[in-house]
Enquirer: 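Shown below is the structure under consideration.
Numbers here simply count residues along the sequence, with the first being 1. Whatever order the structure lists ligands and atoms in, that order sets their numbers, starting from 1. Please read all numbers here as calculations on a predicted model, not as lab measurements.
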Amino acid sequence: MIPHANRVLELRDSIFGEMTKLAKEYNAINLSQGFSEEVVAPELKKYFCEAINEDFNQYAPFTGMPQLIKSVIEYNKKLYDISFDDNNVTITNGATEAIFLIFQSIIDPGDEVLLFEPFYDSYHTSIKFCGGKPVCSTLSYPGFELNFEELEKLVNPKTKAIIFNNPHNPSGKVFSESDLLNLIKFAQRYNLYLISDEVYEFLIFDNNRFIPIQSLQNCYENKKIISISSASKTFDATGWKVGWLIADESLNKLIRRVHQYVTFSVSTPAQIAISRAFINFDSYIQGFINRYQKKLNMICQLLDDIDFEYVRPQGTYFLIGNIKNQSIKSYDLALKLVKEYQLALIPMESFYDRSNEGETLIRFCFAKKDETIISAIKQLGLGLK
Ligand SMILES: Cc1ncc(COP(=O)(O)O)c(C=O)c1O
């Protein structure tokens, strides 16, 4: 094998890459990867082009374009009544870079980080990449409730942080205020960083309520709360890679130091476009939520029609189905569906470290056109017969 750094072998190949490759090879309908088939809103495209024509084309300040930092501060104030200033916010290359920077800034080799399985795979990888140890607590199907008894057993003097995401990918669970307060109490008791990935903050269904962790920051005396969000999901613009993190000023300073040497800055015209998109946010976001609520209603109805067991998500654009009556593990079922029925889904085994619950669970992304969802569930019905 070609000479390489040992840590690279620690990283797993991503299941999203594998399923998307197979989807292309077998010309399959792709409900696997979490990106939208919807087009970016026309006004957003206009803002991006305008920014280029207005010559926003050179490196942005490494902390982020002041216009976008201001928009992030303003929407947090207006929608959640949380006050931040410029020193709290750093603009990153998507939430993915924010996750990487945070762990690089707080984790030393040997440190442990608590996370919840099923997990978003980037957490696991980013923790390992700085020599840390990911330690999983299971959110069990179908309720995906936090298990504090288990967390108490897993926490130890090496534990430095706890990361969760709310709304939760892949279960679609939205954590309640008492869940969040209990997490804060736990973090406070063991003096842990509490990291909340909130990239799906605006994808909330059926009158559920999303509570940003930062709105409870006063409950955590140690000021060790960090939150992450992104334009990727909110504006159907995953390819723009604009995200942000919010942290206490002293920690944010350290994170910015890392960001300077990882990517230095984020696309200047994309930041300007997103900052302008936030100006007319109220009218945009209601249409966005309604569109996804309809998609959720539609996929649930179609799954009911074929008698398929699933958990109705409270948020995100993912849904988990249960295949325990298929007498085949989810990875093998996913291979069968993509190769023989031209339908790509995500088998959930790779979202777990400890539990084998993932062997009977499969994830659907319903951020797709209506006709794609209809054809997909038709193929699922055929594949399960
Ligand atoms: C929970 C979660 N966090 C972060 C990301 C990545 O966000 P970004 O596109 O902003 O890097 C995703 C994308 O699927 C996600 O599901």
Enquirer: Between the side chains of Glu145 and Lys173, is the shortest nitrogen-to-carboxylate-oxygen separation below 4.0 Å, so that they form an ion pair?
Expert: yes
Enquirer: Measuring from Glu117:CD to Cys136:SG, what's the distance to the nearest 0.5 Å?
Expert: 4.5 Å
Enquirer: Among Tyr317, Phe235, Phe281, whose ring-ring contact (aromatic ring centres under 6.0 Å, His included) with Phe202 holds?
Expert: Phe281
Enquirer: Which protein residues come within less than 4.0 angstrom of ligand 1, counting heavy atoms only?
Expert: Gly94, Ala95, Thr96, Tyr120, Tyr123, Asn165, Asn169, Asp197, Val199, Tyr200, Ser230, Ser232, Lys233, Lys241
Enquirer: What pairs of donor and acceptor atoms, side-chain ones from residues 192-199 against any protein atom, are under 3.5 angstrom apart with sequence neighbours left out?
Expert:
unit_1: Ser196; atom_1: OG; unit_2: Glu198; atom_2: OE2; d: 2.8
unit_1: Asp197; atom_1: OD1; unit_2: Val199; atom_2: N; d: 3.3
unit_1: Asp197; atom_1: OD2; unit_2: Tyr123; atom_2: OH; d: 2.7
unit_1: Glu198; atom_1: OE2; unit_2: Ile213; atom_2: N; d: 3.0

Enquirer: Do NZ/NE/NH1/NH2 and the carboxylate oxygens of Asp370 and Lys295 come within less than 4.0 Å?
Expert: yes
Enquirer: Do we see a donor-acceptor contact under 3.5 Å between the side chains of Tyr310 and Asp304?
Expert: yes
